[in-house]
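Below, chain A is the first sequence line, B the second, and so on; all start at residue 1.
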There are 2 protein chains.
Amino acid sequence: MAKRQVREEAEPVAVSDAALTRFLGYHLKRAQTVLMGDMNAAIAPLGLRMITYSALAMVAENPGLRQSHLADALSIERPNLVVILDDLEERGLISRDRVPTDRRAYALMPTLAGRKLYEEATAAVAAHEARMLAGVSAEDRAAVLRVLGAIRHGKGGEEHG
Amino acid sequence: MAKRQVREEAEPVAVSDAALTRFLGYHLKRAQTVLMGDMNAAIAPLGLRMITYSALAMVAENPGLRQSHLADALSIERPNLVVILDDLEERGLISRDRVPTDRRAYALMPTLAGRKLYEEATAAVAAHEARMLAGVSAEDRAAVLRVLGAIRHGKGGEEHG
DNA sequence: TATTGTTATACTCTATAACTATA
DNA sequence: TATAGTTATAGAGTATAACAATA
């Protein structure tokens, strides 16, 4: 609107990305941000976020799981898992049952409502990813999993400082 | 250490990931965390982090860049860029020069020290990524870039709510 | 003495509103 | 009135220390 000044850039301004596009870290971070933000939006109507869905999924498919094991599996710290499980428990999606043989620990169990929401959410997540990967070939999908696995596991054997 | 109780799990405890491994978001987040953490460690000796390196790289290869354009290019908010540039400027790696034709804006310029550090850091980053992708084929690397690009750009044309 | 879950806390990252100085 | 850069601030996400109960 208005009269348009003597400026070259009214459009997005083409800034060269060339300095960064050579690096996988750049692409990985951007894609991760977009995918997770979009996935969070996709399951927000169910009252879930990615981390919350992940915890629910693990409990649903590994009934009896201990909190410390779940934290390890999700690669998060034990203290940070507490509030996530508080949320799921308060909403009646999981329960924390005392373990008779080790009264320090809790066995995490999905409730019926938890299982139901897990299935709904899983369908939503699958649909979301199908949409995100609509134009991607099966070969490329497989390749991505190989590379992401290599990044995730490749580390640790190379340097230790 | 000590006597070993009557417990099945002294080792890492095999918890099934199956509930999550079907989803790309899971792999993407893990890989991103590992890669970025590792890259940050790789360039920490140079006093840089990934975001800090990215900003320096963009300035080095796009001298005269404005802050708002840089923020757009890095997909970060303008206010968050300020402290990053403060850091680079205080260390004498970039300068903020007034733009004569628009005295509101700053033209970001790399200093000589900035260019030098950028080249060092670029070598470190490239070496780091080469290490991370050591066992990955050229085809798989290309496939990853295709898929990450699809995720990053694929969004936005599908839904708008 | 070590471990499970918890609390408190801190540090980073990210996001928004509002200010200033210019346009 | 709108824009560039800034300030202040709030919210996630992530990390560590330390505590109570239990092993």
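Side chains of B:R30 and B:T33: no donor on one and acceptor on the other come within 3.5 Å. If you check the side chains of B:R98 and B:Y106, you find a donor sitting under 3.5 Å from an acceptor.
The distance from atom CD1 of B:I76 to atom C1' of D:dG5 is 13 Å, rounded to the nearest whole Å. Rounded to whole Å, the distance from CG on B:D97 to C1' on D:dA4 is 15 Å. Atom CZ of B:R98 is separated from atom P of C:dT22 by 6 Å (rounded to the nearest Å). Atom CZ in B:R66 sits about 17 Å away from atom C1' in D:dT6, given to the nearest Å. The CD-P distance, from B:E90 to D:dT6, rounds to 12 Å in whole Å. Distance A:E77 CD to D:dA18 C1': 15 Å, rounded to the nearest Å. Look at CG on A:L88: it is 15 Å from P on C:dG5, rounded to the nearest Å. Distance, A:L85 CG to C:dT4 P: 15 Å, rounded to whole Å.
Counting heavy atoms from C-beta on, the side chains of A:R91 and A:L48 come closer than 4.5 Å. Side-chain contact between A:L145 and A:R141 is absent, with no heavy-atom pair separated by less than 4.5 Å. Between B:L148 and B:L28 there is a side-chain heavy-atom pair separated by less than 4.5 Å. With a 4.5 Å cut-off on side-chain heavy atoms, B:T52 and B:L88 count as touching. Using a 4.5 Å heavy-atom cutoff, the side chains of A:L70 and A:N62 are not in contact.
In this structure, of D:dT6, D:dT22, D:dT16, it is D:dT22 that holds the atom nearest to the side chain of A:D102. Taking every side-chain heavy atom of A:S68 into account, C:dG5 is the closest of C:dT6, C:dT16, C:dG5. Between C:dT4, C:dT16, C:dT6, one nucleotide has an atom nearer to the side chain of A:R78 than all others, and that is C:dT6. The side chain of B:R104 has C:dT22 as its nearest neighbour among D:dA23, D:dT7, C:dT22. Of the candidate nucleotides D:dG5, D:dT6, C:dA21, D:dG5 has the atom nearest to the side chain of B:A105.
The stretch residues 45-59 of chain B has no heavy atom under 4.0 angstrom from DNA chain D at all.
Note on B:R96: a side-chain N or O is less than 4.0 Å away from OP1 or OP2 of D:dT6. The phosphate of D:dT6 has OP1 or OP2 within less than 4.0 Å of a side-chain N or O from B:Q67. Between C:dT14 and A:K29, a contact under 4.0 Å exists linking OP1 or OP2 to a side-chain N or O.
Mapped onto DNA chain D by nearest heavy atom, A:N40 and A:P100 fall at different nucleotides, with A:N40 at the one closer to the 5' end.
At a cut-off of 3.5 angstrom, counting only N and O atoms as typed in the model, there is a donor on one side and an acceptor on the other between the side-chain of B:N80 and the base of C:dA15. A donor and an acceptor atom never sit less than 3.5 Å apart when one is taken from the side chain of A:R103 and the other from the base of D:dT22.
Here CE of A:M109 is found 14.0 Å from CG of A:L93. Values are rounded to the nearest 0.5 Å.
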Which donor-acceptor pairs under 3.5 Å do side chains of residues 112-124 of chain A form with protein atoms, sequence neighbours excluded?
| from | atom 1 | to | atom 2 | distance (Å) |
| --- | --- | --- | --- | --- |
| A:Y118 | OH | A:E61 | OE2 | 2.4 |
| A:T122 | OG1 | A:Y53 | OH | 2.8 |
| A:T122 | OG1 | A:Y118 | O | 2.7 |

Given Watson-Crick or G-U pairs with both distances under 3.5 Å, what dot-bracket string fits DNA chain D, with | for other-strand pairs and [ ] for crossing? |||||||||||||||||||||||

Carefully, step by step, assess A:R96 and A:Q67 under the rule side chain to side chain contact (heavy atoms under 4.5 Å, CB included). CA-CA 9 Å; A:R96 291 192 246 221; A:Q67 288 188 202; 3.0 Å; yes

